[in-house]
Engineer: 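So that we are looking at the same thing, I have put the structure below in C-alpha cells.
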Amino acid sequence: MVVIASLVLGLLTGTAVFADLSSTEAEQVIKVNAHKFEYVPNTLVLKKGVPVILEFTSSDVVMGFNSPDLKSRVTIIPGMVTRVRIVPENIGEFIFFCDIFCGDGHEDMTGVIRVVA
C-alpha cells in the first residue's frame, strides 16, 4: 500500500520516487547542493551495505555527479531535484566530481565519499 501511495504521489508531484521493495525502513536521504564550483557538503560518510539516497539540487547551471568507483552518475538540472541511490559495498574513500563543464573552476569541483564499517 505504501508503495502505491508513493507512486501516486510521485506522479502527482512530478518527483521521481525510488523504492527498495526488500527494505522495511526508510532509507537515509542526504541533501547535496551543487553550485559553481563546489558541492555542499563535499564530504559524505556512509556505512558499508546501508542504502542511501543522495538528493541533488543546483541553483545556477547544469552540473554532473560522477563517482566511478561507486558506479554512480547523474545530471543535476537547476530548479529540479535529482536523486541517486547508492549502496556502498566496500570500505574506503571514493572521489566524486562534476563531469559537466560548468565554467572556470570546474576542475576543482570534487568531493569524497568515505565508507565506514
Side-chain angles (χ1 to χ4, degrees):
M1 187 66 163
V2 171
V3 172
I4 293 171
S6 295
L7 291 173
V8 170
L9 179 62
L11 291 172
L12 292 175
T13 63
T15 303
V17 177
F18 294 85
D20 178 1
L21 299 179
S22 65
S23 176
T24 57
E25 59 185 67
E27 293 175 337
Q28 179 185 14
V29 175
I30 299 174
K31 295 177 186 257
V32 180
N33 183 268
H35 58 89
K36 290 184 175 179
F37 297 98
E38 65 181 338
Y39 295 97
V40 178
N42 67 354
T43 300
L44 307 174
V45 179
L46 308 180
K47 290 189 176 186
K48 178 183 175 185
V50 177
V52 64
I53 303 290
L54 301 181
E55 189 174 273
F56 294 95
T57 57
S58 171
S59 58
D60 46 19
V61 298
V62 175
M63 305 280 184
F65 167 84
N66 193 340
S67 184
D69 292 328
L70 296 173
K71 300 176 181 77
S72 182
R73 200 239 159 254
V74 294
T75 298
I76 306 162
I77 300 171
M80 296 181 66
V81 175
T82 303
R83 294 177 181 88
V84 63
R85 183 177 187 268
I86 295 177
V87 183
E89 297 176 359
N90 298 305
I91 294 173
E93 289 191 355
F94 308 96
I95 64 161
F96 61 90
F97 54 90
C98 178
D99 63 356
I100 296 176
F101 183 74
C102 54
D104 291 338
H106 162 77
E107 62 278 352
D108 296 323
M109 192 168 171
T110 64
V112 174
I113 295 175
R114 186 172 299 125
V115 180
V116 298

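By convention here, the first residue in the shown sequence is residue 1. Heavy-atom basis, side chains included; hydrogens, waters and symmetry copies ignored.
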Engineer: Quick one: do V112 and L54 end up in the same hydrophobic cluster if we chain Ile, Leu, Val, Met, Phe, Trp and Tyr together by side-chain heavy atoms under 4.5 Å apart?
Structural biologist: no
Engineer: Would a distance-only check, ignoring hydrogens and angles, find a side-chain to backbone donor-acceptor pair under 3.5 Å from H106 to I100?
Structural biologist: yes
Engineer: Which pair of heavy atoms, one from V32 and one from P41, lies closest together, and at what distance?
Structural biologist: CG1-O, 3.9 Å
Engineer: Can you name the nearest heavy-atom pair linking S67 to I95, along with the distance?
Structural biologist: OG-O, 3.1 Å
Engineer: For the atom pair OG1 (T57) and CG (N33), what is the distance rounded to the nearest 0.5 Å?
Structural biologist: 4.0 Å
Engineer: Would a distance-only check, ignoring hydrogens and angles, find a side-chain to backbone donor-acceptor pair under 3.5 Å from Y39 to C98?
Structural biologist: yes
Engineer: To the nearest 0.5 Å, what is the distance between CE on M109 and CZ on F101?
Structural biologist: 12.0 Å
Engineer: Minimum heavy-atom separation for P68 to F97, with atom names?
Structural biologist: CD-CE2, 3.7 Å
Engineer: Under the side-chain contact (heavy atoms from CB on, under 4.5 Å) rule, what do V50 and Q28 come out as? Steps first, then yes or no, please.
Structural biologist: CA-CA 9 Å; V50 177; Q28 179 185 14; 5.7 Å; no
Engineer: In a check of side-chain contact (heavy atoms from CB on, under 4.5 Å) between I113 and each of L46, V45, I30, which one passes?
Structural biologist: L46
Engineer: For residues D99 and R73, report the shortest heavy-atom separation together with the two atoms involved.
Structural biologist: OD2-NE, 2.8 Å
Engineer: List the steps and the verdict of side-chain contact (heavy atoms from CB on, under 4.5 Å) for H35 and V40.
Structural biologist: CA-CA 8 Å; H35 58 89; V40 178; 3.7 Å; yes
Engineer: How long is the span from the CG atom in L44 to the CD1 atom in I86, to the nearest 0.5 Å?
Structural biologist: 8.0 Å
Engineer: What closest approach, in Å, do D104 and F37 show between heavy atoms, and which atom pair accounts for it?
Structural biologist: O-CZ, 2.5 Å
Engineer: Applying side-chain hydrogen bond (donor to acceptor under 3.5 Å, both in side chains), name anything that partners T82, two or more places apart in sequence or on another chain.
Structural biologist: none
Engineer: Check whether any side-chain heavy atom of V74 lies under 4.5 Å from a side-chain heavy atom of S72, and answer yes or no.
Structural biologist: no
Engineer: Using a cut-off of 6.0 Å, state whether more than 12 heavy atoms not belonging to E89 lie near its atom CD.
Structural biologist: no
Engineer: What distance separates D108 CG from N42 CG, expressed to the nearest 0.5 Å?
Structural biologist: 11.5 Å
Engineer: Give, for atom CZ of R85 and atom CD of E55, the distance between the pair rounded to the nearest 0.5 Å.
Structural biologist: 15.0 Å
Engineer: Tell me the closest heavy-atom pair linking A117 and K47, and the distance in Å.
Structural biologist: O-CG, 4.4 Å
Engineer: Between T75 (side chain) and G64 (backbone), is there a donor-acceptor pair under 3.5 Å?
Structural biologist: no
Engineer: Kindly compute the distance separating CZ (F96) from CG (D69), expressed to the nearest 0.5 Å.
Structural biologist: 13.0 Å
